[in-house]
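Worksheet: the structure to be examined is printed underneath.
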Amino acid sequence: MNTLPAQSDALLDIRDLAISFKTDEGKVRAVDGVSISVKPGQIIGVVGESGSGKSVTMQSILRILPGNAIVERGEILLRQSRNGSDAEVVDVTQINPNSKRMRSIRGGEVAMIFQEPTASFSPVYTIGNQMMEAILLHRDVNKPEARTIAIDMLARVGISNPERRIDQYPFEFSGGMRQRAMIALALSCNPSLLIADEPTTALDVTIQAQVLELMKDLQRDLGMAILFITHNLGVIAQIAEEIVVMYLGTIVEKGPTREIFHNPKHPYTVNLLKAIPKVGQSRTRLAAIEGNVPSPLERPTGCIFHTRCSQRTHGTCDVYAPKLTQIGPDHTTSCFLYE
Amino acid sequence: MVKFLLQRVLGLAVTMFFVSIMVFAIMELPPGDYAERYAFRKFSGTGVTLSEADIQSIRVDLGLDKPPWERYISWIGGIITRFDFGPAFAFETSVNKVIGQRIWLTLAILFSTLILTYLIAIPIGIYAAIRRHSIADYSLTVFSYLGLALPNFLLALVLLYISVTAFGSSVGGLFSPEYANAPWSFAKAVDLLQHLIVPTIVLAWSATALQIQTVRATMLDEINKLSVAAARARGVPETRLLLKYPARLAINPVVSTIGFDINRIFSELPIVALVLGLPELGELLIKSFLDLDMFVAGAILLILTFMIVFMNFLSDIVLAMLDPRVRLQGG
Amino acid sequence: MTILNETSQDTSIPTVRSGESEATLRYYSASQWQLIWWRFRHHRTALAGGIVLIVIALAGAFAEFLTPYTGTTRNTEYLLGPPQPIRFWDTNGFSLRPFVHGVKTERDPVTLRPLPVADPETRWYIRFFTHGDSYTFFGLFRSDIHLFGTDEGFLHLFGTDDIGRDVFSRVLYAGRTSLSIGVLGVLIAFVLALIIGGIAGYFGGWIDYIIQRLTEIVRVAPVIPLYMGLAASFPREWSTEQVFFAMTLILGLVGWPTLSRRIRSQLLTLRNEDYVTAARLAGAKASRIISVHLLPAFSSYIIVDLVISFPYMILSETALSFVGLGLRPPAISWGVLLQEAQNIRAIQQAPWLFIPAAVLVIAVLAFTVLGDGLRDAADPYTVTGS
């Protein structure tokens with residue numbers, strides 16, 4: 001069996017995860033030594049540019065990585081408390097991705113919503129059809145009951161007239177409504193963890209705020225944990241209690257939201273924060289991080305950020321990899337400036 | 001939906017109007033005097049000697065003395081009001097009689113070809129996309145090249161050659177000699193079906209090769225869609241997932257290209273029928289073109305094109321039923 | 001795909017930094033046609049297709065010199081004779097000079113018809129640059145020199161047809177006719193498509209609408225029957241040349257709608273590309289947009305389209321001539337040759353009459369893989385060519 005005794009109170013415990021992709025050019029390391037721990041009901045924000053490995057890490061929790069991905073090392077421990085009172089911890093990396101067990105986790109215990117609400121629904125089935133598909137798979141109900149649950153969920157995410165809307169097609173919904181419907185779908189099976197992969201990026205700013213507010217409300221009412229992925233620090237400040245900053249497949253800094261915003265340590269985080277436009281600073285030019293994210297094919301040696309870091313020290317940063325260092329309660333960073 | 005249907009019916013009528021003009025123009029193209037050819041065909045060998053006055057009276061009978069637009073109107077008018085396609089000289093009878101027997105065979109071959117094509121192409125195209133870069137996938141690519149490069153009539157000749165040399169039987173024609181004049185019976189029907197196998201395979205050959213590529217390409221597109229990843233992330237079992245989401249959409253282009261497939265089949269049918277000796281419309285078309293029996297040729301050209309246009313119309317409707325985007329947003 | 005392997009990693013990095021390899025720099029500074037050629041070069045099957053086509057085209061162009069006989073010379077001593085294989089040795093030993101076996105006439109034991117059979121005791125040696133039938137080369141000078149032939153007896157590599165004509169020679173001559181019909185047909189279709197598509201695109205509005213409808217009507221009718229209808233009206237008394245040009249004309253006439261549709265839709269797509277809009281917003285003149293942004297992107301697609309529509313032209317010619325509605329003897333094309341093999345009894349008696357079919361299939365196959373390779377190479381977004 002893949003079950004392990006419960007070691008901590010964490011709902012999800014990703015430990016030293018490393019993932020590579022097999023490509024024509026050779027193996028490409030996408031995630032390298034990532035550890036994230038999520039407690040029940042906690043909202044964690046994961047920030048990073050594209051290519052930082054944040055989406056790959058999230059996909060690996062559900063084992064829906066592309067066929068050429070290999071989990072090189074590490075564990076993804078998920079606490080299942082559904083069957084009976086005793087909590088049981090499974091290592092997701094040890095489960096066959098096509099097994100029934102994995103499928104019961106997908107959508108059942110861990111649900112996911114995606115960046116493009118338009119593309120996440122199939123255009124040829126009604127919203128209700130796709131919602132009820134998930135409910136019938138994971139909950140022991142018949143069709144009329146599933147329909148009732150779906151209508152309730154739609155009402156709950158603020159879709160008016162859900163009895164009529166449930167039989168409509170995705171293209172009859174507006175973008176914001178579609179993302180609300182996607183959230184309703186994801187939450188209709190009472191997951192203990194919701195992975196939200198840039199759920200507001202494709203939406204208008206006003207809609208963004210509404211959807212964020214909705215997610216916060218639902219989290220308070222339903223009590224699930226949320227892993228919120230984004231490249232937008234402004235969005236994350238509104239929702240997350242804790243922030244994980246990723247760069248090129250590794251975690252460079254991790255800490256409570258307040259700490260990260262007011263006391264950032266890692267040069268990358270500092271630069272990211274400088275790049276947020278602020279009201280009242282209209283005369284200054286926005287600071288951009290110098291250079292581009294290196295191709296994953298040519299991962300820098302030593303500290304992965306040294307090629308773009310203004311505070312690098314020659315002979316150290318480009319040779320040795322910094323270790324994750326504790327610099328405050330729950331606040332860690334991997335940079336030689338703090339070792 | 002009613003508006004959608006009306007639009008398509010109107011489109012069909014307009015297209016057929018222009019097609020009929022084009023067909024009439026082709027009927028008028030051959031040089032020489034149709035009345036003389038008609039008289040020659042009809043009375044040659046009968047010992048009747050024809051005077052210039054006789055030919056002139058035939059000309060008046062056929063309305064050849066009138067201007068082209070009047071002849072067009074009486075021709076198309078006859079077709080629409082009386083379903084009368086005009087006289088056929090080679091057979092000394094009306095076009096309707098010549099064509100009537102052949103239409104059913106043509107339709108039988110057409111539909112058996114379409115069904116065979118889709119039965120093979122859809123599952124194999126889907127399979128090739130799922131097992132991308134497998135040996136099966138690559139061999140299908142080779143097959144699809146051959147599908148284009150090997151002309152159907154050559155394939156027909158090859159199959160004919162194989163069946164004659166290897167089995168000593170001829171697959172040509174519609175019936176084996178012992179059934180040719182026998183009354184209809186179960187055995188005769190089986191014999192007929194056996195004779196339809198080769199033309200069906202021959203005609204389905206290139207259509208299948210093309211459709212496999214279409215289905216495979218669409219399927220590849222659809223498999224990588226976010227909606228499929230989203231369905232997978234909510235725990236839908238893989239086989240059900242593939243059938244419900246990408247495979248369902250991979251059928252749409254097949255439906256929308258059905259007119260194109262029929263066009264292709266009708267393009268190839270006459271020559272294949274000629275090689276295999278099948279008495280259907282395409283074969284008659286070639287014969288009537290060679291004889292310059294233009295009323296027959298025009299009628300067949302018009303009927304074949306009408307079938308294509310009509311199937312296009314049907315495929316539009318089926319597509320609207322399959323795809324809510326087309327149905328609800330009017331395409 | 002070595003070039004691409006070295007460089008595809010760089011596609012995510014738009015800027016060229018110092019320290020890039022020589023090959024990478026070359027890749028960035030290469031012209032569009034160089035890029036297409038590099039991609040195409042790695043497409044093995046397409047390259048092979050191109051070479052096969054060049055060989056067939058050259059064989060057709062120099063048919064007079066390369067064949068031992070003219071396409072119409074009749075050898076009455078060898079009617080429906082089987083191919084004579086080239087040999088270097090037989091039971092009588094080895095010979096450095098290739099030869100074929102002689103032919104003697106026997107009678108069919110049943111029908112008592114005269115039947116040519118190989119005589120392994122006699123050898124007819126193959127000579128090079130022999131004198132044979134005289135011909136006019138490109139209408140310029142007369143000659144009677146053939147690349148190979150025999151001094152005694154005769155040489156029919158692919159056998160002869162029922163009136164004793166050399167099938168090998170006829171296949172080469174036929175290739176010339178069929179390929180040139182294809183080329184001319186495609187060119188006519190292309191010019192028509194450009195003119196009509198250009199008019200539709202330039203005037204737009206209701207003119208565009210009507211042209212679109214007309215295009216649709218020509219497209220909706222079955223192609224080969226349409227060709228037949230047009231070909232049926234050729235007067236019987238027309239000469240071979242007249243029929244030839246009329247054929248290319250109708251191939252072009254029926255072929256243009258497909259091309260024009262593709263040209264139109266590609267132009268429309270390109271016109272709405274962001275970089276074209278950007279150029280327009282930046283104040284570029286229409287002439288600059290057309291010459292710098294539209295034409296280069298467009299021309300490669302057009303060439304690919306032309307290559308792809310080529311096999312359809314050749315197959316159409318073959319189909320028409322095959323049923324007797326296209327080219328007629330004494331013209332020699334692949335379709336005319338196949339017409340002689342139309343009868344199943346003919347193929348049973350003389351399977352070598354089917355050799356033109358094999359050549360036709362190879363040519364069409366070559367065009368298809370070449371077109372596919374070119375299409376992949378011309379698409380700037382394909383990273384791997386295979």
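In what follows, chains carry the letters A, B, and so on, assigned in the order in which the sequence lines appear, proteins first and then strands, with residues in each chain numbered from 1. None of these values were measured; they are calculated from a predicted model.
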Q. Would you say the side-chain atoms of Ser288(B) pair up with the backbone N or O of Val296(B), donor to acceptor, closer than 3.5 Å?
A. no

Under 4.5 Å to a heavy atom of chain B? For Phe354(C) that would be side chain

Residue from Ile26(B), Val19(B), Ile300(B), Leu154(B) scoring the most non-hydrogen pairs under 4.5 Å with chain C is Leu154(B)

If one checks every heavy atom of Tyr312(C) against chain B at 4.5 Å, the contacting part turns out to be side chain

Note: vs chain B, highest number of non-hydrogen pairs under 4.5 angstrom among Ile314(C), Thr368(C), Val220(C), Leu226(C) is Val220(C)

Counting heavy-atom pairs under 4.5 angstrom with chain B, the leader among Ile217(C), Leu338(C), Thr45(C), Val364(C) is Ile217(C)

>> Tell me whether Ser239(C) contacts the main-chain N or O of Gln242(C) through its side chain, where contact means a donor paired with an acceptor under 3.5 Å.
In response: yes

Within residues 304-311 of chain B, contacts to chain C at heavy-atom distances under 4.5 Å involve Leu304(B), Thr305(B), Ile308(B), Val309(B)

Lys/Arg-Asp/Glu bridge criterion (N-O < 4.0 Å) met for Arg131(B), Asp137(B):
no

Closest heavy-atom pair, Gly147(B) versus Ala209(B), reported as atoms and distance to 0.1 Å, is CA-CB, 3.7 Å

| query | Any chance the rings of Phe244(C) and Trp238(C) have centres within less than 6.0 Å? | reply | no

- [ ] Verify side-chain hydrogen bond (donor to acceptor under 3.5 Å, both in side chains) between Ser321(C) and Gln339(C), making sure each step is shown before the conclusion.
- [x] CA-CA 7 Å; Ser321(C) 306; Gln339(C) 197 187 7; over 6 Å; no

Looking only at Ile362(C), Leu325(C), Leu230(C), Leu315(C), the option with the highest number of non-hydrogen pairs under 4.5 Å against chain B is Leu325(C)

Residue pairs meeting side-chain hydrogen bond (donor to acceptor under 3.5 Å, both in side chains), one or both in residues 274-284 of chain B, sequence neighbours left out, come to Arg102(B)-Glu283(B), Glu283(B)-Lys287(B)

Take the angle between the ring planes of Tyr72(B) and Phe24(B) and call it parallel below 30°, perpendicular above 60°, tilted in between.
perpendicular

